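Some notes on the structure that comes next.
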Amino acid sequence: MTSSKTGLYWFRHDLRLDDQPVLTELASRCQKLMLVYCIDEEWFTPNQFGYCAMGHHRQQFLYESLCALNQQLNNYQQTLLVVTGEPVEEIAQLIKAYGVDILGVGEYPGLNEREQLKQLTAKYPGVHVITGSNNSLFKPTNLPFEVSAMPDKFSPFRKKVEKAMTPLPTVEPAALIPPPPIALQTDWPSLPLQRGNSSSYNGGEHAAQKQLKYYFFDKHLISQYKETRNGLDGWDYSSKFSAWLANGCISPRRIYAELKRFEAEHGANDSTYWLYFELLWREFFWWLQVKHGAKWFAPGGIQQQTTPSMQPSASLLDWQQGTTDNAQINACMRQLNATGYMSNRARQWAASYLVNELDEHWRYGAAYFEQQLIDYDVGANWGNWQYLAGVGSDPRGLRHFNIEKQAQMYDPDGKFVSLWS
């Protein structure tokens with residue numbers, strides 16, 4: 001039943017209206033509702049590794065996603081208020097200024113995001129908070145183990161999860177969204193997000209749904225996913241869902257639901273299963289970082305291993321700029337710098353080369369990818385770098401790729417190297 005309460009929904013990594021159980025519940029429980037996104041100024045300040053948390057490719061995709069969400073909200077006679085500053089302070093000011101009674105926010109496993117929500121709820125204990133798992137396949141309470149006791153290795157995690165459960169069903173968008181307490185306006189041209197770059201990716205929920213339809217139902221590319229997923233360049237060799245997933249323009253549950261619909265209509269095979277397999281990898285890293293907290297970013301990873309010196313050498317800059325002695329690595333890094341994207345296979349090459357051939361610390365690579373990748377996800381990025389560096393979840397330890405042999409397998413005619421030379 002609707003009450004006289006004033007609500008605030010804090011969008012973070014969930015820039016969509018579909019499959020938003022927390023927003024749907026909040027909309028049903030208040031009479032006035034503010035919809036807010038906060039741009040953190042720290043994203044643009046160099047960190048301890050010398051990089052910014054968000055480079056220009058990510059900034060453009062985020063800007064497009066925010067604009068797209070605002071356009072969707074206009075259909076509800078609503079608007080997205082985008083503010084800039086320290087997130088806890090900005091949300092706290094809005095709560096105080098507009099007498100917010102009830103706060104809605106999607107849970108997110110990132111260390112900073114969890115700490116911010118903790119600070120905000122401590123600051124306003126009288127505000128009722130609705131949270132929920134809106135960007136994962138499962139809720140922590142539904143997993144076949146406590147998150148604190150989950151396996152640190154993927155295979156036992158996958159086997160237990162697959163045996164015990166299926167992903168939660170999706171939630172349709174809210175039929176009605178209450179109006180804001182007052183007319184709110186975002187000064188879009190002044191937002192501190194770079195834009196104007198050329199990219200194959202367009203941000204926003206509509207673009208995500210369009211790609212889902214294209215990959216599954218228009219072209220049936222999902223049926224060959226397992227065979228083509230190790231491609232190096234182009235659009236159709238992989239699903240390309242990762243950027244929209246990272247920004248929450250689509251939920252993994254929606255992808256799973258559409259995957260099941262495709263299988264029902266066109267048949268299941270190893271490739272359709274393999275996409276679910278990859279979603280489970282994402283889920284594994286999602287909960288593993290919750291379990292390990294600050295260890296996710298520690299030099300020795302979740303294994304707390306002793307690692308070499310953190311001081312970088314000149315070879316780190318060569319790796320970043322694609323000016324190393326290895327043509328394949330140079331092509332990978334130039335592609336990343338130019339487009340904000342790199343294939344999964346290329347990411348493994350680039351990481352292996354940095355750690356094993358250049359003997360640089362893995363955290364510099366992880367931080368650089370965080371800055372550059374359109375599809376940066378705190379779980380997948382830092383989890384995979386740890387995995388490759390032998391300080392994470394891989395039971396076999398350090399992953400060392402023979403780049404020349406790999407190139408013969410995946411770029412035998414040298415087209416990829418030639419394209420990005």
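Quick caveat: nothing in here was measured; it's all calculated off a predicted structure. Side-chain atoms are counted along with the backbone in the values below, which use heavy atoms only and exclude waters and symmetry mates.
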Return yes if some donor-acceptor pair links the side-chain N/O of Q20 with the main-chain N/O of N134 below 3.5 Å, else return no.
no
Flag the pair Y256 / Y276 as yes when their ring centroid distance falls below 6.0 Å, and as no otherwise.
yes
Interatomic distance, SG@C52 vs CZ@F44, rounded to 0.5 Å, equals 8.5 Å
Quick check: do S393 and F285 have side-chain heavy atoms less than 4.5 Å from each other?
yes
Answer yes if the ring centres of F154 and F277 are under 6.0 angstrom apart, and no otherwise.
yes
Could R347 and D375 be called an ion pair, given the rule that one side-chain N must be under 4.0 Å from one carboxylate O?
yes
Could you tell me whether a side-chain N or O of W319 sits under 3.5 Å from a main-chain N or O of A314, the two making a donor and an acceptor?
no
With a 3.5 Å distance limit and no angle check, can you tell me whether R363 reaches the backbone of A366 through a side-chain donor-acceptor pair?
no
Minimum heavy-atom separation for A92 and Y124, please, with both atom names.
O-OH, 3.2 Å
Between atom SG of C30 and atom CD1 of I102, what is the distance when rounded to the nearest 0.5 Å?
6.5 Å
More than 12 foreign heavy atoms under 6.0 Å from CD of Q119: is that the case here?
yes
Judged by atom type as modelled, is there a donor-acceptor pair below 3.5 Å linking the side chain of N337 to the main-chain atoms of M333?
yes
One pair to check against side chain to side chain donor-acceptor pair (under 3.5 Å): Q60 and S199. What are the steps and the verdict?
CA-CA 9 Å; Q60 173 170 308; S199 174; 5.1 Å; no
Using the ring of each side chain (for Trp, its six-membered ring), is F157 parallel, tilted or perpendicular to F145, with breaks at 30° and 60°?
tilted
Within-4.5 Å side-chain heavy-atom neighbours: L73 and L17
yes
Enumerate the residue pairs fulfilling salt bridge (charged side-chain N to carboxylate O under 4.0 Å, His left out) with a member in residues 254-278, sequence neighbours excluded, ordered by first and then second residue.
D18-R254, E172-R254, R229-E278, E258-R261, K260-E263, R261-E265
Please enumerate all residues that pass salt bridge (charged side-chain N to carboxylate O under 4.0 Å, His left out) together with D233, with sequence neighbours excluded.
none
Validation row: S223, F262 side chains within 4.5 angstrom (heavy atoms)
yes
Taking atom NE2 of H128 as the centre, does the number of heavy atoms from other residues, nucleotides or ligands within less than 6.0 Å exceed 12?
yes
Considering all heavy atoms, the nearest A268-T272 contact:
CA-OG1, 3.5 Å
Filter on ring-ring contact (aromatic ring centres under 6.0 Å, His included), then keep only pairs touching residues 68-87, sequence neighbours left out; what's left?
none
Do the side chain of E360 and the main chain of S313 share a donor and acceptor less than 3.5 angstrom apart?
yes
Please say which of Y368, F369, W296, Y364 ends up in a ring-ring contact (aromatic ring centres under 6.0 Å, His included) with W385.
F369
Residue pair Q31 / P178, side-chain heavy-atom distance below 4.5 Å:
no
Hey, would you say the F216 and H266 ring centroids sit under 6.0 Å apart?
no
Do T79 and N70 meet the criterion of a side-chain donor-acceptor pair at a distance under 3.5 Å?
yes
Please report the shortest heavy-atom distance between M165 and N142, naming the atom on each side.
CE-O, 2.8 Å
In short, G203 meets A68 closest at the heavy-atom pair O-CB, 4.2 Å
Which heavy-atom pair separates P173 from T24 by the least distance, and what is that distance?
C-OG1, 4.5 Å
Is it the case that the ring center of Y63 lies less than 6.0 angstrom away from the ring center of F61?
no
Ignoring hydrogens and angles, state whether a donor on the side chain of Q211 or W244 is under 3.5 Å from an acceptor on the partner side chain.
no
Closest heavy-atom contact between W287 and P140?
CH2-CD, 3.3 Å
Say whether, by atom type as modelled, one donor and one acceptor occur between the side chain of T228 and the main chain of Y237 under 3.5 angstrom.
yes
Does the D101 side chain pair with the main chain of T6, one donor and one acceptor, at a distance under 3.5 Å?
yes
Going through the distances and angles, do Q289 and W382 end up as a side chain to side chain donor-acceptor pair (under 3.5 Å)?
CA-CA 9 Å; Q289 63 184 306; W382 289 83; over 6 Å; no
In this structure, CG of L94 is separated from CG of L103 (nearest 0.5 Å) by 10.5 Å
Within a strict 4.5 Å, meaning less than it, do heavy atoms of the L275 and I222 side chains meet?
yes
Report yes or no: does D14 contribute a side-chain atom to a donor-acceptor pair with the main-chain N or O of C249 at less than 3.5 Å?
no
I need the full list of salt bridge (charged side-chain N to carboxylate O under 4.0 Å, His left out) pairs touching residues 107-118, with sequence neighbours left out, sorted by first then second residue.
none
Between T84 (side chain only) and D40 (backbone N and O only), is there a donor and an acceptor less than 3.5 Å apart?
no
Close side-chain approach of R282 and P252, heavy atoms under 4.5 Å
yes
Out of V171, L33, I130, which one pairs with L23 under the side chain to side chain contact (heavy atoms under 4.5 Å, CB included) rule?
L33
State whether a side-chain donor-acceptor pair under 3.5 Å links K240 with S238.
yes
Please list all pairs meeting salt bridge (charged side-chain N to carboxylate O under 4.0 Å, His left out) that have one or both residues in residues 201-211, counting only residues at least two apart or in different chains.
none
Tell me which pairs pass ring-ring contact (aromatic ring centres under 6.0 Å, His included) where either residue lies in residues 91-121, with sequence neighbours left out.
H13-Y108, Y108-W286
Once rounded to the nearest 0.5 Å, what's the spacing between atom CD1 of I329 and atom OG1 of T323?
12.5 Å
Please tell me if the side chains of Y376 and M54 come closer than 4.5 Å, counting only heavy atoms from C-beta onward.
no
Spacing of C38 atom SG and R12 atom CZ [to the nearest 0.5 Å]
11.0 Å
Take atom CG of L317 as the centre, draw a 6.0 Å sphere, and report whether it contains more than 12 heavy atoms from other residues, nucleotides or ligands.
yes
With ring centroids as reference points, do Y353 and F401 lie under 6.0 angstrom apart?
no
Kindly say whether the aromatic ring centers of W281 and Y387 come within a distance under 6.0 Å.
yes
Could you check whether W235 and Y201 have their ring centres less than 6.0 Å apart?
yes
Side-chain contact test, heavy atoms from C-beta onward, threshold under 4.5 Å: evaluate it for F416 versus Q335 and give yes or no.
yes
Output yes when a side-chain donor or acceptor of N344 lies under 3.5 Å from a complementary backbone atom of Q348, and no otherwise.
no
